[in-house]
Structure formats: structure tokens, C-alpha cells
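Hydrogens, waters and symmetry mates play no part in the numbers below; they use all other heavy atoms, side chains included. Order of appearance sets the numbers: ligands from 1, and atoms from 1 within every ligand.
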Amino acid sequence: MALFSSWIDFLFPPLCLACKERCRTKFLCPSCWNLCALPDPVERCRHCFEELDGRGNLCKQCRFEKLLPAERAYVFDPESPARYLGVEWAEAMASFALIQWIQLEWPRPHAVIAMPDKDSITIGSAFAAMQQVPFVKALRQNHEYVDDRLEEDEIYLLFDVSNSLENLKKSANSLSLSFPKRIYLLSLFPYVDRVS
Ligand SMILES: [Zn+2]
Ligand SMILES: [Zn+2]
């Protein structure tokens, strides 16, 4: 059996999905797994999760003007090798999100809403199930709010896999029209505008 598995390794060497090095660990090599560590909320801007410049707990941009009407955090940093794990592992991705949500010490939401794309809906609903809170479809494909889906004076969590800031703005702005007390936005992999 050992001989057989070493032949399998020889024919199909297990490679790290991120750096393509040969490895004995599953999906990623040990150093890439280390790089998947969830960023510590204490070291980030408490409104948008950007790096701090040492002057209080808001970043320079948020001290000047807040770009989103929601407090935002990431589960993984943009360059995290966790991107290579694939969002089809909805349950696993939702578990990472749950760990980060606990670290963030955000209040328990009344319900979870997802950005209106397939991945955000799939992982967002798995995340809601893990938290044992309702999952509400409150956004249309065009980011419009679906009337009467949310209640005033409640706290909601908007789940995002990797939408652009422009789309997040559209959705968060239309949700804030329904007068929730507070919206928290949790992004699995923050979208990075590619500079060409
Ligand atoms: Zn690797
Ligand atoms: Zn900020």
C-alpha cells in the first residue's frame, strides 16, 4: 500500500494550489496555510478594515469621509492563498467567516443578507445557518432593496464574497434606505481593483 501511494505521488505529485510546490498537506503547503491566518481586527480601521496609521482606531480615509454606510471587515486579506481553496467549499468558507465574526466581536445580527451574486448567496446562507439567524433575500440583482424585507431598528449583516466597492456602495446605500439601526459588511475576499 505504501509502495502504491508513493507511485501515485510520483505520477500525480500533490502540489500546493497556491505556490505549486510539492507538499504532503492537503490543498496548500504548510507555509501557504500559515499565510491564510485571519487578519486581526485590533490592528485595523474599525470602520473599513484598512491598515491604521497610528492615529486612533480609524484610518485616514474614514477620518476624512466614510465611503460606505456600513462597518466593514474582511475574513481574508486580499493576497491570502485561501483564494485558491475555491468558493465551492461553501461550508468551509462559512466557517472561516464565523471565526472572523467572533474575533470582530460584532453584535449578533437580526438576519444575514447577501450581495446579489451566486457565491455570496450560497456562502452567506451557509453562514446564516451556522449563526442560527434568518437569511433574508433583501436585494435584487440590480442592488435595489426589496420592500418590506427588513425591519427598522434592527442590526443586519451583509455578506459579500468579492464585490467591487462600487457594487457594495449600491447595495449598502439601498439597504440603508430601509432604516436599519446598523449594517455590518463582511467580505470573504476583498475585491482589489486591478491596476493595469
Ligand atoms: Zn504553497
Ligand atoms: Zn477606514
Checklist entry - So, do Phe76 and Phe96 have ring centers that fall under 6.0 Å from each other? => result yes
Would Glu91 and Met130 count as a side chain to side chain contact (heavy atoms under 4.5 Å, CB included) here? Give the steps. CA-CA 9 Å; Glu91 295 286 315; Met130 277 179 191; 3.7 Å; yes
Six-ring centre of Phe49, Arg44 cation under 6.0 angstrom, axis tolerance 45°:
yes
Rounded to 10°, the SG/Cys29 to the Zn ion (ligand 1) to SG/Cys16 angle comes out at 120°
So the angle subtended at the Zn ion (ligand 2) by Cys62 atom SG and Cys59 atom SG, rounded to 10 degrees, is 110°
Distance check below 2.8 Å: does His47 bring an N, O or S atom to the Zn ion (ligand 2)? no
The SG(Cys45)-the Zn ion (ligand 2)-SG(Cys48) angle, to 10°, is 110°
May I ask you to say whether Asp53 pairs ionically with Arg63, meaning some side-chain N is under 4.0 Å from a carboxylate O? yes
